[in-house]
Protein chains: 2
Amino acid sequence: MDNRLHGLRITNQRAVLYDYLTHQSLPKTPEEIFEELPTGSMDLSTVYRTLDTFFKVHVIQKSYIQNKVYYHLTTDEHKHYLVCIDCHEMSEIDVCPFHEFESKIQKDNDFLVTYHPVELYGYCKKCKSNHQESPSTP
Amino acid sequence: MDNRLHGLRITNQRAVLYDYLTHQSLPKTPEEIFEELPTGSMDLSTVYRTLDTFFKVHVIQKSYIQNKVYYHLTTDEHKHYLVCIDCHEMSEIDVCPFHEFESKIQKDNDFLVTYHPVELYGYCKKCKSNHQESPSTP
DNA sequence: TTTTACTTGCAAATGATTTGCAATAAGGAA
DNA sequence: TTCCTTATTGCAAATCATTTGCAAGTAAAA
């Protein structure tokens with residue numbers, strides 16, 4: 001019988017990691033994931049290897065933000081992110097003005113676009129005020 | 001007298017690196033830069049330090065593509081890039097549908113956007129055919 | 001069950017980037 | 001011009017994220 005997940009053997013570590021991922025709404029780094037998993041769930045290298053395995057069978061998506069790798073479950077939603085330069089908090093947006101331009105870009109440049117991650121960097125609500133004006137002296 | 005470049009001491013290494021950068025049209029990684037500079041111009045760590053220094057005084061811009069850092073001179077042009085997944089060749093495009101959306105995004109999310117790098121990943125002219133169909137047997 | 005191939009943990013390797021420190025050089029001051 | 005102070009550089013070692021080799025452990029097919 002087909003006792004597999006996307007053609008993969010179901011091991012305890014894979015089940016734990018998969019379950020973890022289904023509960024995240026924002027992309028996570030391998031390091032973050034490792035920290036947030038129950039202590040002793042698996043080795044950090046297993047986190048890396050398993051994420052890579054999931055990625056290869058398209059269970060998860062990979063993105064590069066700042067200089068780190070982020071993963072999140074594959075969904076049919078097309079999301080982009082706001083990333084705060086100060087506190088590094090991320091939030092998602094679903095508008096994507098690039099979609100309608102893609103076909104023109106493809107034609108003009110003879111280039112086959114497969115994906116276009118977009119992050120908007122700046123200051124979030126909390127950090128905006130600290131950045132624009134220094135707080136008044138006490 | 002002001003014998004300085006953006007407030008920085010003019011050293012031989014800085015002059016060489018600055019000159020190099022003025023001749024590039026595409027973003028480059030520190031490693032690439034180091035390789036393309038005349039042999040013995042400077043140490044790789046100096047390349048890293050100098051790029052960082054230039055970035056801090058806004059002489060150059062920093063971007064993260066895949067998992068690498070890229071730098072290019074600050075200009076008033078707003079560019080985005082097509083990056084080939086196969087050969088990693090980069091080319092630039094100047095359409096940017098995000099501009100007109102920025103103010104709405106800022107308002108809706110209470111977020112101050114400072115920059116939005118965008119790369120479109122896919123297959124370039126050369127690599128497209130190899131990807132879509134395997135070459136016929138000889 | 002037993003077998004076999006795939007997975008894991010651990011430790012060591014790798015690649016990119018950063019850092020400490022002593023030697024060197026820029027540029028303002030004398 | 002020359003000197004002095006301080007920033008900058010080269011070199012080697014450290015660090016950080018990620019990858020890998022290998023022996024031991026474990027799914028799942030027979």
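Below, chain A is the first sequence line, B the second, and so on; all start at residue 1. Values below: all heavy atoms of this structure, side chains included; hydrogens, waters and symmetry mates excluded.
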What's the [atom1]-[atom2] distance between [X] and [N], to the nearest Å?
X: B:L51; N: C:dA16; atom1: CG; atom2: C1'; result: 14 Å
X: B:I10; N: D:dT8; atom1: CD1; atom2: C1'; result: 14 Å
X: A:D52; N: D:dA17; atom1: CG; atom2: P; result: 18 Å
X: A:E32; N: D:dT18; atom1: CD; atom2: C1'; result: 16 Å
X: B:K68; N: D:dT18; atom1: NZ; atom2: P; result: 14 Å
X: A:Q66; N: D:dC16; atom1: CD; atom2: P; result: 18 Å
X: B:I65; N: C:dA16; atom1: CD1; atom2: P; result: 16 Å
X: A:L5; N: C:dC6; atom1: CG; atom2: P; result: 17 Å

Among pairs that include at least one residue of residues 40-62 of chain A, which meet salt bridge (Lys or Arg N to Asp or Glu O under 4.0 Å), considering only residues two or more places apart or in two chains?
A:D52-A:K56
Looking at residues at least two apart in the chain, or sitting in another chain, which of them share a salt bridge (Lys or Arg N to Asp or Glu O under 4.0 Å) with [X]?
X: B:D94; answer: B:K79
X: A:D110; answer: B:K128
X: B:K126; answer: B:E89

List, with names and distances, any nitrogen or oxygen atoms from the protein found under 3.5 Å away from nitrogen or oxygen atoms belonging to nucleotides 7-10 of chain C.
residue, atom, partner, partner atom, Å
C:dT7, OP1, A:R14, NH1, 2.9
C:dT7, OP1, A:R14, NH2, 3.1
C:dT7, O5', A:R14, NH1, 3.3
C:dT7, O5', A:R14, NH2, 2.9
C:dT8, OP1, A:T11, OG1, 2.7
C:dT8, O3', A:Q13, NE2, 2.7
C:dG9, OP1, A:Q13, NE2, 3.3
C:dG9, OP2, A:D43, N, 3.0
C:dG9, OP2, A:T46, OG1, 2.3
C:dG9, N7, A:R49, NH2, 3.1
C:dG9, O6, A:R49, NH2, 2.9
C:dC10, N4, A:R49, NH2, 3.4

Distances under 3.5 Å only, N/O to N/O: pair up the protein atoms with those of nucleotides 12-15 of chain C.
none

Is A:Y48 near enough to D:dT18 that one of its side-chain N or O atoms lies under 4.0 angstrom from OP1 or OP2?
yes
Rounded to the nearest 0.5 angstrom, the CZ-OH distance for A:F34 and A:Y48 is 10.0 Å
Measuring from atom OH of A:Y121 to atom CG of A:L82, what distance do you get when rounded to the nearest 0.5 angstrom?
11.0 Å
Does a salt bridge link A:K28 with A:E36, judged by any charged N lying under 4.0 Å from a carboxylate O?
yes
Between B:H116 and B:H80, how do the two ring planes meet: parallel, tilted or perpendicular, split at 30° and 60°?
tilted
Taking B:E32 for the side chain and B:T29 for the main chain, is one N or O donor matched with an acceptor at less than 3.5 Å?
yes
